[in-house]
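Read the structure below first, then the notes.
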Amino acid sequence: MSAELFSIRMHSSLAGSHLSGAERLGDRRALSALAASLVERALAHERGEADQIRVTVERLDPGALLTGCLPGLMTLRVPDHRQGRQAAAELLRGAGVAREAISAALSWLVEGPSPEGGNMRGAMLINAVSGERLEPDRRRGVRVSRMDLAPSLAEELGRALASFDLDNAHVREALVLAGKVLAAPGVVAELCWSDDPSYTAGYVASSGGGYQRLTHLKALGDPRGGRAFFLRPEGLDLPALLAFLEKTPMLFTGLGPLAHPVDWRG
Ligand code: WAQ
Ligand code: MG
């Protein structure tokens, strides 16, 4: 990627409710194709046809760019979402998240984490010890942004994921997002499942465990989903964390190890 770097972000909504979003980085030549593909994607989304699509393009300071490696990926097969959630809770315990915080996050995600019980556009921030919600705007949440795969890595990742039958946009984008979240100051772990009714897989990410996929974290057809970032309360600098997640540009230039799927045994 050349010295000139832009952030391009899409957010779509229907009657004021979040439908879909995406964030990419690109050089000047890549922008118009990226914009077209983000608009197409918003129009074709399974959650519905948007009545508003916003595309934002912003020039970045290339001096602020961070690079990193993606977390390692493994798939844990679970028979259904109940066992998936139990497995997620155990993985989060292993990453150092307190029980209270885990059960609070799970119930918010199950009920719909926004104040009206719907989906949020961004993530919840949760104190990993007390379970308290810490994001400044509980309706919107915190949107992680300004991250992407380096162009050279995109192909390599596609090939690697394809050999596990996992080369889809959900996995690629979630891996990149989790990679940036794990690089953020004060984050202990992340829990996520999709708000797309047809996509039941989700993951727990932590620096020790990497990106651990669970094949079912919700029932097929359930339109609720979301993300919880668990934060270490000691020494937490919330403004610095928000600035990092929302503003610091990060490109991934290396892959982590990919493991063959295994059955979860709690
Ligand atoms: N920053 C913060 N939160 C976000 C962001 C973001 N950039 N993008 C999405 N979210 C939140 C928001 O609340 C969405 O409602 C929720 O996450 C789900 O987003 O390995 O597809 O894009 O098979 O539907 C994970 C498993 C798929 C992939 C996640 O999420 C795999 C997925 P979605
Ligand atoms: Mg979605």
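Since we're looking at a predicted model, the values are computed, not measured. One-based numbering, in listed order, for ligands and for the atoms of each.
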Has [X] got any heavy atom lying under 4.0 angstrom from an atom of ligand 1?
X	result
G226	yes
E173	no
L175	no
G122	yes

Can you confirm whether [X] is buried at [atom1], in the sense that more than 12 heavy atoms of other residues, nucleotides or ligands lie under 6.0 Å from that atom?
X	atom1	value
R82	CZ	no
D165	CG	no
E116	CD	yes

Within a strict 4.5 Å, meaning less than it, do heavy atoms of the L65 and L251 side chains meet?
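Heavy-atom side-chain distance check passes, below 4.5 Å.
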Consider every N or O of [X] and every N or O of ligand 1, then say whether any pair is closer than 3.5 Å.
X	value
D195	yes
R213	yes
S194	yes
V144	yes

About how many Å separate [atom2] of [Y] and [atom1] of [X], when rounded to the nearest 0.5 Å?
X	Y	atom1	atom2	value
R9	L25	CZ	CG	10.0 Å
L5	R146	CG	CZ	10.5 Å
H45	S20	NE2	OG	4.5 Å
D195	N119	CG	CG	4.5 Å
Q86	D80	CD	CG	9.5 Å
I53	L19	CD1	CG	9.0 Å

Students should be able to answer this: which protein heavy-atom is nearest to [atom], and at what distance?
atom	result
atom 8 (N) of ligand 1	R143 NH1, 3.2 Å
atom 17 (O) of ligand 1	R227 NH1, 3.1 Å
atom 21 (O) of ligand 1	H170 ND1, 2.7 Å
atom 29 (C) of ligand 1	C192 SG, 3.6 Å

Within 45° of the axis and under 6.0 Å from the centre of the six-membered ring of W108, does NZ or CZ of R224 qualify?
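No, R224 does not sit over the ring of W108.
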Could you check whether K180 makes a cation-pi contact with F244, meaning its NZ or CZ is under 6.0 Å from the centre of the six-membered ring and within 45° of the ring axis?
yes
Which ligand 1 atoms are under 4.0 Å away from a heavy-atom of [X]?
X	answer
V142	1 (N), 2 (C), 3 (N)
Y199	23 (O), 26 (C), 28 (C), 31 (C)
E23	7 (N)
V171	20 (O), 23 (O), 31 (C)
L177	1 (N), 5 (C), 6 (C), 7 (N)
M120	12 (C), 13 (O), 14 (C), 15 (O)

Does E135 form a salt bridge (charged side-chain N to carboxylate O under 4.0 Å, His left out) with R140? I'd like the steps, not just the answer.
CA-CA 9 Å; E135 72 275 17; R140 181 184 184 275; over 6 Å; no
Identify which one of R213, Q212, E190 satisfies the side chain to side chain donor-acceptor pair (under 3.5 Å) criterion when paired with Y203.
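Among the candidates, only E190 passes.
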With 2.8 Å as the limit, count the protein N, O or S atoms near the Mg ion (ligand 2).
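That number is 2, waters not included.
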Closest by any non-hydrogen atom to atom 20 (O) of ligand 1: pick that one out of W193, F229, Y211.
Y211
Polar side chain donor-acceptor pair, E46 to S198, under 3.5 angstrom
yes
Return yes if a side-chain donor-acceptor contact under 3.5 Å exists between H18 and S13, otherwise no.
no
Taking non-hydrogen atoms only, is P113 closer than 4.0 angstrom to ligand 1 via side chain, backbone, both or neither?
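Neither; no heavy atom under 4.0 Å.
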